[in-house]
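Have a look at the structure below before the remarks.
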Amino acid sequence: MSNFLAGLGEFPHVRMRRNRAQSWSRRMVCENTLTTNDLIWPLFIIDGQGQRESVTSMPGVERLSIDLIVKAAGEAKALGIPAIAVFPSTDPALKTPDAKEGLNANNLVCRAVRAIKEAHGDDLGVICDVALDPYNSDGHDGLVHDGKILNDETLELLCQQAVVQARAGCDIVAPSDMMDGRIKAIRQALDAEGFQRVQILSYAAKYASSFYGPFRDAVGSGGVLKGDKKTYQMDPANSDEALREVALDVSEGADMLMVKPGMPYLDILRRIKDTFAMPTFAYQVSGEYAMIQAAAGNGWLNGEAAMMESLMAFKRAGADGVLTYYAPLAARLLNEG
Ligand code: PBG
């Protein structure tokens, strides 16, 4: 770096503003671009027909019944968004300590995936979370016994959950549970059932974050959550540990990686991209969305500009794509040029 600086020369010989003076020149020296291909849209599903409910802590985001999810998927496709991620808001009556609704081939998420695939075929990728929290009466991603989150017993359920989702037509399973060994176990389970083509997007570096709060409202897992997720999700203080998590997931067969949350973890994203050269995604999570919406709603910043800047920041930090609740809005702005 010091040699590089020495070669730079000095003012007034050097003027950084020369390249920035004209719009065409700024475009010419621009290092990163954001396109609709970089966007993945997370959607919340509820039961019923023609139902939409707004999520209070995520202004502008709604839970949709399956018929409306199918419509939203069509909108995504028309906008050029390559994939959507679907999350069920499960009826509390169906939540149990063994999370068995997650293995039900007719659960909300499976019915939604089948309907989306029937309507849109192979033109749109569908991603499903693999974790027990939508179905677990304890709100945890794994089985709970005596206040402890069981690892190996949870793996068996995650495998069955992934297979059930693959059978429904899911293209990408995204384990977000942070149990040890899940990627290998899920890959084996999928292959054994003939789903060699189903991709695994591993939430490899997922932190125990307070930025997930609004999501837990959206899917109704927040109220029931007992304790926190610190025994399986990562400590926000750690960075080297993320590389170990990723190395394991890559060796176990992950096709793609995810860093989560997004904006406060751009350093992690950059390290992972540089170290592994894998397809790497960032999740601009619910709390990040809520922050921008809240400030914009109060007139404290220009919401659209701040949002587009945040998405570009992910690209600059090395992301191949971003899961964002802003996906349709961003795609619309990009398509308008
Ligand atoms: C559940 C899951 C969470 C999110 C995605 N999958 C929440 C959690 O781990 O508690 C958060 C997404 C968001 O905040 O937007 N396994």
Side-chain angles (χ1 to χ4, degrees), residues 39-45 55-63 83-90 95 99 101-102 108-109 127-144 149 154-155 157-158 161-162 165 170 172-179 182-183 186 200-236 245 257-265 281-294 307 310-311 314 321-327:
L39 304 170
I40 297 170
W41 185 12
L43 289 158
F44 299 117
I45 322 163
V55 180
T56 316
S57 50
M58 300 177 73
V61 169
E62 293 174 317
R63 304 179 195 90
I84 58 173
V86 285
F87 297 93
S89 174
T90 307
K95 298 188 185 192
E101 178 64 7
L108 192 52
V109 83
I127 304 173
C128 289
D129 232 46
V130 182
L132 303 184
D133 58 316
Y135 313 106
N136 190 335
S137 44
D138 294 303
H140 278 288
D141 294 12
L143 289 172
V144 185
I149 315 303
T154 298
L155 292 186
L157 296 189
L158 297 175
Q161 184 185 17
Q165 291 171 345
C170 167
I172 303 180
V173 291
S176 76
D177 54 285
M178 291 298 279
M179 297 299 118
R182 76 259 166 82
I183 302 301
I186 290 170
I200 299 182
L201 166 58
S202 168
Y203 284 77
K206 178 170 176 181
Y207 286 84
S209 172
S210 26
F211 289 99
Y212 308 149
F215 174 96
R216 293 177 191 169
D217 292 343
V219 299
S221 65
V224 294
L225 180 62
K226 299 196 177 94
D228 57 47
K229 299 192 176 185
K230 289 179 186 171
T231 68
Y232 47 107
Q233 299 180 347
M234 287 180 54
D235 182 343
E245 279 285 1
L257 306 169
M258 178 117 70
V259 177
K260 180 183 171 189
M263 274 219 284
Y265 295 83
F281 296 84
Y283 199 145
Q284 181 173 52
V285 299
S286 55
E288 301 174 60
Y289 172 87
M291 285 197 299
I292 296 177
Q293 288 299 87
M307 179 270 288
S310 71
L311 297 180
F314 287 112
V322 188
L323 272 94
T324 174
Y325 302 97
Y326 284 120

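FYI, side chains are in, hydrogens and waters are out, and symmetry mates aren't considered; it's all heavy atoms of this structure. One-based numbering, in listed order, for ligands and for the atoms of each.
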### Query
What distance separates Tyr326 OH from Leu311 CG, expressed to the nearest 0.5 Å?
9.0 Å
### Task
Look at atom 8 (C) of ligand 1 and say which protein heavy atom is nearest, naming residue and atom and giving the distance to 0.1 Å.
Lys229 NZ, 3.3 Å
### Query
Counting only heavy atoms, which portion of Asp141 has something under 4.0 Å from ligand 1: side chain, backbone, both, or neither?
side chain
### Query
Among protein heavy atoms, which lies nearest atom 6 (N) of ligand 1, and at what distance?
Asp129 OD2, 3.0 Å
## Note on the structure
A student checking ligand 1 against Tyr325 at a 4.0 Å heavy-atom cut-off should list atoms 12 (C), 13 (C), 15 (O)
### Query
Side chain or backbone of Tyr289 under 4.0 Å from ligand 1, or both, or neither, by non-hydrogen atoms?
neither
### Task
Can you sort out which atoms of ligand 1 are near Val285, meaning under 4.0 Å from one of its heavy atoms?
13 (C), 14 (O), 15 (O)
#### Entry: Separation between NZ of Lys95 and OG of Ser221, rounded to the nearest 0.5 Å
6.0 Å
### Task
With rounding to the nearest 0.5 Å, note down the distance linking CG in Leu108 to CD1 in Ile45.
5.0 Å
### Query
Does Lys260, backbone or side chain, put an N or O under 3.5 Å from an N or O of ligand 1?
yes
### Task
Please could you name the atoms of ligand 1 that Arg216 approaches to less than 4.0 Å, counting only its heavy atoms?
8 (C), 10 (O)
### Query
Using heavy atoms and a threshold below 4.0 Å, how should the contact between Asp177 and ligand 1 be classified: side chain, backbone, both, or neither?
neither
### Message
Rounded to the nearest 0.5 Å, what separates atom CG in Leu132 from atom CG in Asp138?
### Response
10.5 Å
### Task
Please examine the side chains of Ile200 and Ile183, heavy atoms only from C-beta on, and report whether any two atoms are closer than 4.5 Å.
yes
## Note on the structure
The atoms of ligand 1 lying under 4.0 Å from a heavy atom of Ala131, numbered in the order shown, are 16 (N)
### Query
Is Glu288 near ligand 1, meaning one of its heavy atoms is under 4.0 Å from it?
no
### Message
With rounding to the nearest 0.5 angstrom, report the CE to CG distance, Met179 to Leu157.
### Response
11.0 Å
### Query
To which protein heavy atom is atom 14 (O) of ligand 1 closest, and what is the distance rounded to 0.1 Å?
Ser286 OG, 2.7 Å
### Message
Regarding atom 13 (C) of ligand 1: of the candidates Phe44, Phe211, Phe215, which has the closest heavy atom?
### Response
Phe215
### Query
What protein heavy atom is closest to atom 2 (C) of ligand 1, reported as residue, atom name and distance in Å?
Lys206 NZ, 3.4 Å
### Message
On the six-membered ring of Tyr283, is Lys206 placed so that its NZ or CZ lies under 6.0 angstrom from the centre and within 45° of the ring axis?
### Response
no
### Task
Decide yes or no for Ile292 and Gln284: does some side-chain heavy atom of the first lie under 4.5 Å from some side-chain heavy atom of the second?
yes
### Message
Return the closest protein heavy atom for atom 1 (C) of ligand 1 as residue, atom name and distance.
### Response
Asp133 OD2, 2.8 Å
### Task
Distance to 0.1 Å, residue and atom name: give those for the protein heavy atom nearest to atom 16 (N) of ligand 1.
Ser176 OG, 2.7 Å
### Task
Drop me the distance from Glu101's CD to Gln161's CD, to the nearest 0.5 angstrom.
10.5 Å
### Task
Assess whether side-chain hydrogen bond (donor to acceptor under 3.5 Å, both in side chains) is satisfied between Arg182 and Thr154, documenting all intermediate values.
CA-CA 9 Å; Arg182 76 259 166 82; Thr154 298; over 6 Å; no
